[in-house]
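Keep in mind that the numbers below use all heavy atoms, side chains included, and drop hydrogens, waters and symmetry copies.
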Amino acid sequence: MTIRRFLALSGIAFCFFCYSALLFGNTLKGQVGISPQNFIVDLDSPGKVHAYRLMNMGQSPVRIKVDLMSFELNENNRVVPTVPTEASLENWIIVNPLELTIPPGDSQVVRFSIRPAIELSDGEHRAAIIFQQLPTTEEELPSASSGEASMVFKSLFRLQSAIYATVGHIERTGYHHDVRLSEDSLWVQVENTGNGHIRLSGDWALWPSSQYNATQGNQWLNWLELTNSERQANPLTSPPEHHGRLSANPVMPYTKRWLRIPIPGGIQPGRYHLELKGQLSESPIQLSTPLHVGPAVR
């Protein structure tokens with residue numbers, strides 16, 4: 001299937017990753033897309049085949065090797081590899097193919113199924129599937145030339161996607177503890193009290209306290225309920241100076257994490273008012289609160 005036809009048929013959002021060759025500056029050499037971004041698989045119905053689609057949007061063929069990895073998220077929400085045990089999900093994932101080449105402008109499917117040979121405990125099990133670019137005849141590993149003391153650096157992409165497998169009853173429950181503001185980010189502390197990962201989604205907006213009133217806040221909240229076409233037809237007369245989407249980073253079962261939501265362009269020290277409306281997985285969350293940003297410590 002060509003990329004043009006695939007994009008025409010699918011409404012799924014894609015995650016794009018790129019690699020570049022650097023020689024006297026940055027030159028974009030290619031792009032690869034992956035869909036979907038992650039999987040949630042019900043192991044009460046094992047053996048079903050699932051599929052990723054990888055898309056080469058560059059001008060050269062791309063060689064890819066597929067691997068699996070057990071992982072967890074540390075306190076900074078960064079992926080940390082873990083040593084697999086007998087019950088680790090990666091042991092029971094079957095992937096085909098394990099190596100592939102995608103021509104430029106084309107796409108290819110990588111299929112997987114999960115077939116545990118032991119009884120897994122109730123709850124959520126996870127693994128990462130890794131798509132690692134391999135060097136080709138056109139894109140070799142980093143090299144250096146001593147003749148004119150020149151050097152070419154080439155980086156190869158590495159894509160990671162999470163596979164969450166559920167067994168038995170899953171509870172995606174949690175709540176927020178605190179919210180804070182810094183000069184470049186909004187921070188929301190979330191605790192997961194269930195046995196499945198949860199995500200924070202929705203919208204946020206900030207006004208300088210001197211420019212905020214409840215009417216503006218309510219207008220913005222009501223505007224969020226409109227469809228995209230309705231929003232275009234009824235733009236806000238006084239939109240908030242800073243606004244955006246909430247973080248989609250997962251919070252793993254029985255953990256508490258600070259989720260960082262970047263503020264484009266940053267803000268100055270001072271007093272602000274936050275309006276936040278969204279979902280913490282299956283539970284609604286809404287905040288309306290004053291916040292303060294102190295002077296930066298140098």
Is [X] salt-bridged to [Y], cutoff N-O under 4.0 Å?
| X | Y | answer |
| --- | --- | --- |
| Arg180 | Asp178 | yes |
| Glu225 | Lys277 | yes |
| Arg172 | Glu124 | yes |

Can you name the closest pair of heavy atoms from [X] and [Y] and give their distance?
| X | Y | answer |
| --- | --- | --- |
| Val79 | Gln160 | CG1-NE2, 4.0 Å |
| Ser185 | Arg260 | OG-NE, 2.7 Å |
| Ser288 | Tyr212 | OG-OH, 3.9 Å |
| Asn56 | Ile102 | ND2-O, 3.0 Å |
| Thr193 | Tyr254 | O-CE2, 3.6 Å |
| Leu73 | Arg257 | O-NH2, 3.3 Å |

Are [X] and [Y] linked, directly or through other ILVMFWY residues, by side chains that come within less than 4.5 angstrom of each other?
| X | Y | result |
| --- | --- | --- |
| Trp220 | Leu206 | no |
| Val41 | Val49 | no |
| Leu98 | Ile130 | no |
| Trp258 | Ile261 | no |
| Leu120 | Ile129 | yes |

For [X] and [Y], indicate whether the former's side chain and the latter's backbone hold a donor-acceptor pair under 3.5 Å.
| X | Y | result |
| --- | --- | --- |
| His125 | Ser121 | yes |
| Thr101 | Arg63 | no |
| Asn76 | Arg78 | no |
| Trp207 | Gly217 | no |
| Glu90 | Ala128 | no |
| Asn228 | Gln232 | no |
| Asn192 | Val251 | yes |

Give the intermediate values and the outcome of side-chain contact (heavy atoms from CB on, under 4.5 Å) for residues Leu181 and Ile267.
CA-CA 10 Å; Leu181 198 58; Ile267 56 176; 3.8 Å; yes

Under 6.0 Å from the six-membered ring centre of Trp204 and within 45° of its axis: does the NZ or CZ of Arg245 meet both?
no

Could you grab the distance from atom [atom1] of [X] to atom [atom2] of [Y], nearest 0.5 Å is fine?
| X | Y | atom1 | atom2 | value |
| --- | --- | --- | --- | --- |
| Leu246 | Arg199 | CG | CZ | 13.5 Å |
| Leu89 | Met69 | CG | CE | 12.5 Å |
| Tyr175 | Ile198 | OH | CD1 | 10.5 Å |
| Gln37 | Leu159 | CD | CG | 11.5 Å |
| Leu156 | Lys65 | CG | NZ | 13.0 Å |
| Ser88 | Arg126 | OG | CZ | 10.0 Å |

Would a 4.5 Å heavy-atom cut-off, applied to side chains only, mark [X] and [Y] as touching?
| X | Y | result |
| --- | --- | --- |
| Glu75 | Thr255 | no |
| Pro104 | Ser60 | no |
| Ile263 | Asp184 | no |
| Leu276 | Asp203 | no |
| Ser70 | Val83 | no |
| Gln268 | Glu183 | no |
| Gln108 | Leu100 | yes |
| Gln219 | Asn222 | no |

Intermediate values then yes/no, side-chain contact (heavy atoms from CB on, under 4.5 Å), Arg115 and Ile94:
CA-CA 8 Å; Arg115 303 177 185 272; Ile94 302 171; 3.5 Å; yes

Give the ring-plane orientation class for Phe131 versus Tyr52, where under 30° counts as parallel, over 60° as perpendicular and anything between as tilted.
perpendicular

How are the rings of Phe112 and Phe39 set relative to one another: parallel (under 30°), tilted (30 to 60°) or perpendicular (over 60°)?
perpendicular

Can you establish whether the number of heavy atoms outside [X] located under 6.0 Å from its atom [atom1] is more than 12?
| X | atom1 | value |
| --- | --- | --- |
| Glu230 | CD | yes |
| Arg271 | CZ | no |
| Glu99 | CD | yes |
| Glu86 | CD | no |

For a side chain to side chain contact (heavy atoms under 4.5 Å, CB included) with Ile163, tell me which candidate from Ile40, Ile114, Asn38 qualifies.
Ile114

For the pair Arg53 and Ser107, evaluate side chain to side chain donor-acceptor pair (under 3.5 Å) and give the outcome as yes or no after the intermediate values.
CA-CA 7 Å; Arg53 183 170 292 276; Ser107 66; 3.0 Å; yes

Going by atom types only, do Ser201 and Gln279 share a side-chain donor-acceptor pair under 3.5 Å?
no

Do the ring centers of Tyr272 and His292 come within less than 6.0 Å of each other?
no

Show, in sequence, the C-alpha distance, side-chain angles and deciding distance for Met252 and Glu72, and conclude whether the side-chain contact (heavy atoms from CB on, under 4.5 Å) test is met.
CA-CA 8 Å; Met252 296 304 176; Glu72 62 182 17; over 6 Å; no

Let me see the working for Ile64 and Leu134 under side-chain contact (heavy atoms from CB on, under 4.5 Å), right down to the final yes or no.
CA-CA 6 Å; Ile64 297 172; Leu134 298 174; over 6 Å; no

